[in-house]
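Each remark here refers to the structure printed beneath this line.
All residue numbers in this chain count up from 1 along the given sequence.
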Amino acid sequence: MSNINLNIDNITPFLPKGEIFNLQPQISKIHEDMEKGKGEGSDFIGWLHLPSNTSKDLIKKINDTAEYIRDNAEVFICIGIGGSYLGAKAAIEFVNHTFYNQLPQTKRKTPEIYFAGQNISSDYLSDLLDIIENKDICINVISKSGTTLEPAIAFRILKDALEKKYGKDETRKRIIATTDKEKGALKKLAAQEGYKTFVVPDDIGGRYSVLTPVGLLPIAVAGIDIFELMEGAKDFEELRANHDIKSNPSYLYAAIRYLLYQKGKSIEILSSFHPCLHYIGEWWKQLAGESEGKGGKGIFPASVDFTTDLHSMGQWIQDGQRIIFETFMVIERSNRELLIPSTKDDGDGLNYIAGKSLDYVNHKAYMGTAQAHRDGNVPNMAISIKDRTPYSLGQLFYFFERAIAVSGYLLGVNPFNQPGVEFYKKNMFTLLEKP
């Protein structure tokens with residue numbers, strides 16, 4: 001069953017369907033090459049059939065570790081940067097309560113979850129130490145090498161705090177390392193200290209790692225059903241395993257992005273009308289930007305939160321440079337329904353929508369926005385997501401992963417490397433006088 005669909009009605013005025021379907025031979029070739037493990041970056045396509053290849057034993061081990069953490073920690077800290085934290089953060093925000101950490105533990109029944117290692121801010125980490133003071137803590141440090149600066153610094157500081165609080169013997173029971181299966185500083189430390197470990201697969205890059213232990217352990221700690229998450233991804237993998245643009249929304253999305261880019265639309269704006277989608281946008285920005293931005297090529301990925309940003313960025317989108325196209329994410333069914341009450345005096349003039357749900361009004365805001373932007377010469381399409389279940393989320397993750405890989409190949413770049421990321425590191429280490 002597909003819980004993800006793509007509506008292109010507001011694309012066809014700018015891009016005839018015939019032009020889209022003319023890309024079929026290129027799409028078919030890319031599909032065939034990926035299935036055969038050919039093409040640039042083919043060493044990193046382990047994500048392609050990951051959902052169907054992931055064993056139930058691995059999921060059980062992750063769930064067992066998550067249960068141990070829930071039983072022994074009031075706070076769980078996920079240390080990582082980029083793909084090592086964005087997918088988990090996106091999943092927790094998408095599925096769970098908006099104010100997850102603020103819920104009483106009796107209602108939440110899971111630890112408070114915080115993220116570290118995604119910045120180098122004294123204030124952020126100091127404030128986090130304030131928050132976790134006098135609470136029982138477990139840590140998941142995620143790094144293939146163990147030497148990436150941002151998470152390595154955070155881990156050093158938080159490990160020191162735990163050892164002062166618990167001593168070394170108890171601390172080693174409270175740290176889980178997700179790292180390389182054989183080598184690297186973190187793997188070596190984990191072996192020395194006896195940390196429980198999970199493996200970052202060799203053939204899956206960070207931005208494609210959300211459905212590996214990198215993302216699955218923090219997601220499971222948050223009480224989200226990772227069996228259901230993986231089942232959604234698996235079903236979408238199998239449903240959309242064909243190369244036909246007409247029946248594969250990932251390939252249709254990739255084809256449209258490529259053709260609009262050829263027509264000068266160099267910026268894609270991912271727009272959502274639900275706060276739970278904010279970090280899906282952040283995860284997507286890394287996936288798209290790091291996969292495509294190479295060799296002077298690539299669509300620039302941006303994201304906005306509507307209706308909030310309609311009162312700021314909305315003006316630019318409506319009337320600014322016509323170098324953009326837009327992809328809406330629309331949730332068909334929220335977790336909860338809230339109705340607008342009626343008042344006797346109708347001082348705010350809202351009685352005309354009294355009795356309607358907030359979702360009803362929100363959907364009309366989306367429809368009005370999509371029409372306005374189309375009329376303002378902004379091509380736009382909509383990804384429809386059935387609900388906020390782990391099953392739908394698994395499908396959404398896989399939809400984007402396959403689409404962005406194909407987009408990169410259409411552009412003629414390797415979607416799985418990131419040579420440009422290393423330049424800032426080289427300069428930073430020189431300035432830090434690293435030996």
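For the pair I142/C78, a side-chain contact is recorded, criterion being any heavy-atom separation below 4.5 Å from C-beta on. In this structure the side chain of I132 reaches within 4.5 angstrom of the side chain of L158, judged on heavy atoms. Using a 4.5 Å cut-off on side-chain heavy atoms (C-beta onward), Y166 and D136 make contact. Put simply, the side chain of P218 does not reach to within 4.5 Å of the side chain of I113, judged on heavy atoms. L260 places a side-chain heavy atom less than 4.5 Å from the side chain of I11. Between F14 and N377, the closest side-chain pair of non-hydrogen atoms falls below 4.5 Å. Taking the side chain as every heavy atom from C-beta outward, I176 and I69 approach each other to under 4.5 Å. F328 is listed as a side-chain neighbour of H373, based on a closest heavy-atom distance under 4.5 Å.
With a 6.0 Å radius and a threshold of 12 heavy atoms from other residues, nucleotides or ligands, F300 has its CZ atom at or below the threshold. Atom OH of Y424 has more than 12 heavy atoms from other residues, nucleotides or ligands within 6.0 Å. More than 12 non-hydrogen atoms from other residues, nucleotides or ligands lie less than 6.0 angstrom from CZ of F429. Within a 6.0 Å radius of NZ in K425, more than 12 heavy atoms belonging to other residues, nucleotides or ligands are found. Counting non-hydrogen atoms of neighbouring residues, nucleotides and ligands closer than 6.0 angstrom, the CE atom of M428 exceeds 12 such neighbours.
Considering CD1 of I317 and CD1 of I324, their distance stands at 5.5 Å, rounded to 0.5 Å. Here CD1 of I8 is found 12.5 Å from CD1 of I383. Values are rounded to the nearest 0.5 Å. Atoms CD1 and CG, from I269 and D309 in turn, are 10.0 Å apart once rounded to the nearest 0.5 Å. To the nearest 0.5 Å, atoms OG (S291) and CD1 (I299) are separated by 11.5 Å. Taken from CD in E282 to NZ in K285, the straight-line distance is 3.5 Å, to the nearest 0.5 Å. Interatomic distance, CH2 of W284 versus CZ of F400, reported as 7.5 Å (0.5 Å rounding).
Looking at R322, its side chain does come within 3.5 Å of a backbone N or O of G320 through a donor-acceptor pair. Side chain of R172 to backbone of E193: a donor-acceptor contact under 3.5 angstrom is found. A donor-acceptor contact shorter than 3.5 Å is absent between the side chain of T307 and the backbone of L310. R388 places no side-chain N or O within 3.5 Å of a backbone atom of N335 that could act as its donor or acceptor partner. Counting only distance, with no hydrogens or angles, the side chain of E93 and the backbone of Y279 share no donor-acceptor pair below 3.5 Å. The main-chain N or O of L50 is found under 3.5 Å from a side-chain atom of T54 such that the two form a donor-acceptor pair. Although no hydrogens or angles enter the test, the distance criterion places no donor-acceptor pair under 3.5 Å between the side chain of E163 and the main chain of T171. Without hydrogens or angle criteria, N7 side chain to A382 main chain gives no donor-acceptor distance under 3.5 Å. S334 contributes no side-chain N or O that, together with a main-chain N or O of R336, makes up a donor-acceptor pair within less than 3.5 Å. No donor-acceptor pair closer than 3.5 Å links the side chain of D305 to the backbone N or O of T308.
With sequence neighbours left out, the side-chain contact (heavy atoms from CB on, under 4.5 Å) criterion links P249 to L6, F236, R240, F399. K36 is linked by a salt bridge (charged side-chain N to carboxylate O under 4.0 Å, His left out) to E32, counting only residues two or more places apart in sequence or in another chain. Listed by chain and number, the residues in a salt bridge (charged side-chain N to carboxylate O under 4.0 Å, His left out) with K183 are D180 (sequence neighbours excluded).
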For this session: For K234 and E237, run salt bridge (Lys or Arg N to Asp or Glu O under 4.0 Å): C-alpha distance rounded to whole Å, both residues' side-chain angles, the deciding distance at 0.1 Å, then the answer.
Result: CA-CA 5 Å; K234 176 176 174 288; E237 173 199 332; over 6 Å; no
For this session: Evaluate the criterion salt bridge (Lys or Arg N to Asp or Glu O under 4.0 Å) for residue pair R174 and E74; output intermediate values, then yes/no.
Result: CA-CA 12 Å; R174 293 180 172 273; E74 298 165 276; over 6 Å; no
Problem set entry | Step-by-step salt bridge (Lys or Arg N to Asp or Glu O under 4.0 Å) determination, K29 to D33 | CA-CA 6 Å; K29 180 65 165 60; D33 285 349; 2.7 Å; yes
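With F325 as the aromatic partner, K265 does not meet the cation-pi criteria of under 6.0 angstrom to the ring centre and within 45 degrees of the ring axis. R257 forms no cation-pi arrangement with Y261, by the criterion of a distance under 6.0 Å to the ring centre and an angle within 45° of the ring axis.
No hydrogens or angles considered: nothing links the side chains of N242 and Y251 as a donor-acceptor pair under 3.5 Å. Side-chain atoms of D359 and S357 include no donor-acceptor pair closer than 3.5 Å. With no hydrogens or angles considered, a side-chain donor-acceptor pair links K294 and N417 at under 3.5 Å. Side chains of Q102 and H97: no donor on one and acceptor on the other come within 3.5 Å. Judged purely by distance below 3.5 Å, without hydrogens or angles, the side chains of T110 and Y100 pair a donor atom with an acceptor atom. A donor and an acceptor atom, one from each side chain of S52 and E238, are nowhere located under 3.5 Å apart. For the residue pair D319 and Q315, a side-chain donor N or O sits within less than 3.5 Å of a side-chain acceptor on the partner.
Between K144 and the choices D202, T178, T179, the side chain to side chain donor-acceptor pair (under 3.5 Å) rule is met once, by D202. Considering E401, E290, Q286 in turn, E290 is the only one that fulfils the side chain to side chain donor-acceptor pair (under 3.5 Å) rule with R207.
Between P415 and A405, the closest heavy-atom pair is CG-O, 3.5 Å. Of all the heavy atoms in I4 and S392, the pair that sits closest is CD1-O, 3.8 Å. Nearest heavy-atom pair, S126 versus S122, reported as atom, atom and distance to 0.1 Å: OG-O, 2.7 Å. For the residue pair V221 and P111, the shortest heavy atom distance occurs at O-CD, 3.9 Å. The heavy-atom pair separating L186 from G146 by the smallest distance is CB-CA, 3.6 Å. Of all the heavy atoms in G298 and L411, the pair that sits closest is CA-CD1, 4.0 Å.
In this pair, W283 and F397 present their aromatic rings perpendicular. The plane angle is above 60°, beyond the 30 to 60° band. Using cut-offs of 30° and 60° for the angle between ring planes, the F155 and Y195 rings count as perpendicular.
Checked for salt-bridge contact, E231 and K56 miss the test: no charged N lies under 4.0 Å from a carboxylate O. A salt bridge links K60 with D64: the closest approach of a Lys/Arg side-chain nitrogen to an acidic carboxylate oxygen falls below 4.0 angstrom.
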